[in-house]
Amino acid sequence: MELVINFSGGKDSTAMLAWLCERYPDVPKHVVMADTGWEHEDAIEWSRGIVARFGLVLHVVRNPNKTLISMARKRGKFPGMSQRQCTSDLKRGPVHTWIRRRWPQRKSAPHPPVIVSCMGLRAEESSSRAGKPCLTKLNILCGRRREVWDWNPILGWTEVQVRAYLAERGLPLHPVYGHLRRFSCRVCIYMTDHDLRAVAQHDPAAIAIIATVEREIGFTMFQRGAIEELVVAPARKK
Ligand code: SF4
């Protein structure tokens with residue numbers, strides 16, 4: 001068995017990485033980060049640093065044809081919560097391609113490798129995550145000479161547990177947690193207005209980029225309004 005550890009640089013994937021290294025010290029591990037092209041400026045360097053603490057190397061994968069912003073421009077719309085094309089095309093797809101290339105289905109392979117792709121999803125985060133199984137066979141990548149499973153090893157962990165686990169081990173949180181709940185894309189489709197106001201304060205260029213694209217394509221990232229209106233909404237209400 002070999003582990004593919006899907007890593008974002010956020011608290012959950014860091015806790016998962018630490019736990020897997022402690023629990024399965026002798027199992028080969030490959031840490032993979034999918035870069036959407038819309039990550040925080042230092043996300044990759046930060047992630048390399050965390051992964052290096054465990055003596056591992058970070059593999060960064062990308063969709064060669066698009067980033068989150070170019071995808072919105074090409075399609076004339078941003079990804080939505082129901083059809084998260086950002087996750088399928090920019091995260092899951094590139095990681096699957098990496099797995100296919102790393103373990104091609106060679107006839108000469110004496111034993112088909114068993115690959116377990118680990119994700120740091122937690123049930124507490126949303127009802128859809130709460131409904132996810134802990135372990136599923138990833139049929140799309142399986143064949144006669146390759147067996148792949150999806151595993152959510154920290155599915156039952158709470159945020160309090162995650163933070164305590166990291167603190168006990170002296171593992172740092174990215175500074176973005178000082179003003180945001182999640183270490184996601186610079187502006188993520190799941191952000192609340194409160195999050196957007198925090199981004200406007202700490203990364204105003206990200207708001208400006210989304211606002212420009214919204215005007216260009218005539219489509220807003222959030223159904224509830226244009227981003228520039230959302231970030232000033234409370235001031236208007238006063
Ligand atoms: S962090 Fe948000 S915007 Fe980025 S890929 Fe994930 S769901 Fe999409």
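In each ligand, atom 1 is the first atom listed, and ligand 1 is the first ligand listed. Starting from 1, each residue takes its place in the sequence as its number. What you see is a predicted model, and the numbers here were worked out from it, not measured in a lab.
- Listed by number with element, the atoms of ligand 1 under 4.0 Å from a non-hydrogen atom of C86 are 5 (S), 7 (S), 8 (Fe).
- Closest protein heavy atom to atom 6 (Fe) of ligand 1: K91 CE, 4.0 Å.
- Both cation-pi conditions hold for R169 and Y165: the charged atom is under 6.0 angstrom from the six-membered ring centre and inside a 45 degree cone around its axis.
- No donor-acceptor contact under 3.5 angstrom links the side chains of Y190 and R181, judged on distance only.
- A donor-acceptor contact closer than 3.5 angstrom is absent between the side chains of H40 and D203.
- Nearest protein heavy-atom neighbour of atom 2 (Fe) of ligand 1: C188 SG, 2.4 Å.
- Not a single heavy atom of L90 sits under 4.0 Å from any atom of ligand 1.
- The local environment of CD in E41 is sparse, with at most 12 non-hydrogen atoms from other residues, nucleotides or ligands closer than 6.0 Å.
- When every heavy atom of L173 is checked against every heavy atom of Y177, the shortest pair comes out as CB-CD1, 3.8 Å.
- Regarding atom 1 (S) of ligand 1, its nearest protein heavy-atom neighbour is C185 N, 3.4 Å.
- Heavy atoms of L68 found under 4.0 angstrom from ligand 1 belong exclusively to the side chain.
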